[in-house]
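Just below is one structure, and these are the notes that go with it.
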Amino acid sequence: MMIQDSVLFITGANRGLGLAFAEEALNRGAKKVYAGVRNLTDATRPGVIQVRLDVTDHASIAEAANRCGDTTLLVNNAGIARLTSSTLDPSMIDSAREIFETNYFGTIAVSQAFVPILAKNGGGAIINVLSDATWYARPMLAAYSASKSAAWSFTNALRIELRGQTTAVLGLHVSFMDTDMTHGFDMTKTSPQQVAEAALIGLEADEEEVLIDDFTREVKRSLSSEKPIYLDPPPLG
């Protein structure tokens, strides 16, 4: 799918990777970007239309889909993370429920709302923002990792199902990015602009998965080894 003249709907688009997707798409000739945000702001950017969206609220999703019926590329970017002290932390159960509502169930609900729109508009594409945590579960991010693993599984199933309507589905995997989510942590971070650029290049090249950084690629390679590699992750702090 080419970005030129496309119409994007991006969840979690007010900052970070979502905002980088909007800017990169417009730079590549996108016709319009719908920026799904929880709270509308006074910020104005040519070509960007803010749309109120809460991916955990089905009425909000339905209203956004009804308004944005010319969408040809959906980017499921909205996501949250919560740190716990360990996998044995009792608070992890409540954290996991909250995280899954956004990262997993939210991705499913938004996809279900927009798939008929993409079909009506010729097929288009979906980009699901995933993580190296899909395959590498750090104890303090265990609930987040589980949500991304689940979202990866859904992404793979969705790709198979939507081939019949010629809708491409791309899974985007990246380690730590320089966003609000990692603010204050001393680690190697990839810029959101670099991630958005690589994702859109991959989509135009008909890739099914894009792995942004060396650590993510090494983690994925380790899955096919007879003895999985136990990697030392970039430190949290």
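What you are looking at is a predicted structure, and each value in this text was computed from that prediction instead of being measured. Numbering of residues begins at 1 and proceeds along the displayed sequence. Basis for what follows: all heavy atoms, side chains included, without hydrogens, waters or symmetry-related copies.
Using a 4.5 Å heavy-atom cutoff, the side chains of Gln165 and Val115 are in contact. Looking at Leu53 and Val37, their side chains never come closer than 4.5 Å, going by heavy atoms from C-beta outward.
In summary, Arg82 and Glu101 do not engage in a salt bridge, as defined by a charged side-chain N under 4.0 Å from a carboxylate O. Remark: Asp54 engages Arg38 in a salt bridge, criterion side-chain N to carboxylate O under 4.0 Å. Residues Lys189 and Asp213 are not paired through a salt bridge, judged by the lack of any N-O separation under 4.0 Å between the basic side chain and the carboxylate.
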Would Asn103 and Ser147 count as a side-chain hydrogen bond (donor to acceptor under 3.5 Å, both in side chains) here? Give the steps. CA-CA 6 Å; Asn103 297 3; Ser147 74; 3.1 Å; yes
Test log, rule side-chain contact (heavy atoms from CB on, under 4.5 Å), inputs Val129 and Val195: CA-CA 10 Å; Val129 177; Val195 176; over 6 Å; no
Chi angles and distances behind the side-chain contact (heavy atoms from CB on, under 4.5 Å) call for Phe215, Phe176: CA-CA 10 Å; Phe215 184 77; Phe176 296 111; over 6 Å; no
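Going from atom CD of Gln193 over to atom CG of Asn27 covers 10.5 Å, rounded to the nearest 0.5 Å. Distance check: Leu203 CG to Met2 CE gives 9.0 Å after rounding to the nearest 0.5 Å. To the nearest 0.5 Å, the span separating CG on Asp94 from CD1 on Ile99 amounts to 11.0 Å. Here the straight-line distance linking atom NZ of Lys32 with atom CD1 of Ile49 works out to 5.0 Å at 0.5 Å rounding. Here Ile127 contributes atom CD1 and Leu200 contributes atom CG; the two are 5.0 Å apart, rounded to the nearest 0.5 Å. Note that CG of Leu172 and CG of Asn77 are 9.0 Å apart. Values are rounded to the nearest 0.5 Å.
Between Ala142 and Thr87, the closest heavy-atom pair is CB-CG2, 3.8 Å. Gln4 and Arg28 make their closest contact through OE1-O, 3.5 Å (heavy atoms, listed as atom of the first residue, atom of the second, distance). Looking at every heavy atom in both residues, Thr84 comes nearest to Met92 through CG2-CA, 4.0 Å. Residues Ser145 and Ala137 share a closest heavy-atom pair of OG-CA, 3.5 Å. A pairwise comparison of heavy atoms in Leu211 and Arg217 identifies O-NH1, 2.8 Å as the closest pair. For Pro192 against Met177, the heavy-atom pair with the smallest separation is CA-SD, 4.4 Å.
Leu170 and Ile108 are not part of a single hydrophobic cluster, where members link through side-chain heavy atoms under 4.5 Å apart. A chain of hydrophobic side-chain contacts below 4.5 Å, direct or via other Ile, Leu, Val, Met, Phe, Trp or Tyr residues, connects Ile3 to Leu17. By the rule that hydrophobic residues join a cluster once side-chain heavy atoms approach within less than 4.5 Å of another member, Val210 and Ile10 end up as members of one cluster. Grouping the Ile, Leu, Val, Met, Phe, Trp and Tyr side chains by contacts below 4.5 angstrom, directly or via other members, places Leu73 apart from Ile117. Residues Leu223 and Tyr136 share a hydrophobic cluster, clusters being chains of Ile/Leu/Val/Met/Phe/Trp/Tyr side chains in contact below 4.5 Å.
Counting heavy atoms of neighbouring residues, nucleotides and ligands inside a 6.0 Å radius, atom CD of Glu161 does not exceed 12 of them. When the shell of 6.0 Å around CD of Glu207 is examined, it contains more than 12 heavy atoms from other residues, nucleotides or ligands.
Under the rule for a ring-ring contact (aromatic ring centres under 6.0 Å, His included), the partners of Phe114 that lie at least two apart in sequence or sit in another chain are Phe9. Partners of Leu19 by side chain to side chain contact (heavy atoms under 4.5 Å, CB included), not counting sequence neighbours, listed by chain and number: Glu23, Arg45.
Considering Lys220, Lys148, Arg138, Arg221 as possible partners of Asp132, the one that fulfils the salt bridge (Lys or Arg N to Asp or Glu O under 4.0 Å) test is Arg138. For the side chain to side chain contact (heavy atoms under 4.5 Å, CB included) criterion with Tyr34, the lone passing option out of Asp70, Val48, Leu8 is Asp70. Just one of Thr11, Thr107, Asn128, Thr155 meets the side-chain hydrogen bond (donor to acceptor under 3.5 Å, both in side chains) condition when paired with Asn76; it is Asn128.
Not a single donor-acceptor pair under 3.5 Å links the side chain of Asp178 to the backbone N or O of Ser191. A donor-acceptor pair under 3.5 Å links the side-chain atoms of Thr134 to the main chain of Ser131, judged by distance alone. In terms of modelled atom types and a separation under 3.5 Å, the side chain of Asn121 and the main chain of Gly69 share a donor-acceptor contact. Judged purely by atom type and a 3.5 angstrom limit, Arg159 uses its side chain to pair as donor or acceptor with the backbone of Glu208. For Gln50 (side chain) and Thr41 (main-chain N/O), a donor-acceptor pair under 3.5 Å exists by modelled atom type. Under the 3.5 Å distance criterion, the side-chain polar atoms of Thr72 are matched with a main-chain donor or acceptor of Val7.
Applying the ring pair (Phe, Tyr, Trp, His ring centres under 6.0 Å) definition to pairs two or more places apart or across chains, those involving residues 81-106 are Phe100-Tyr104.
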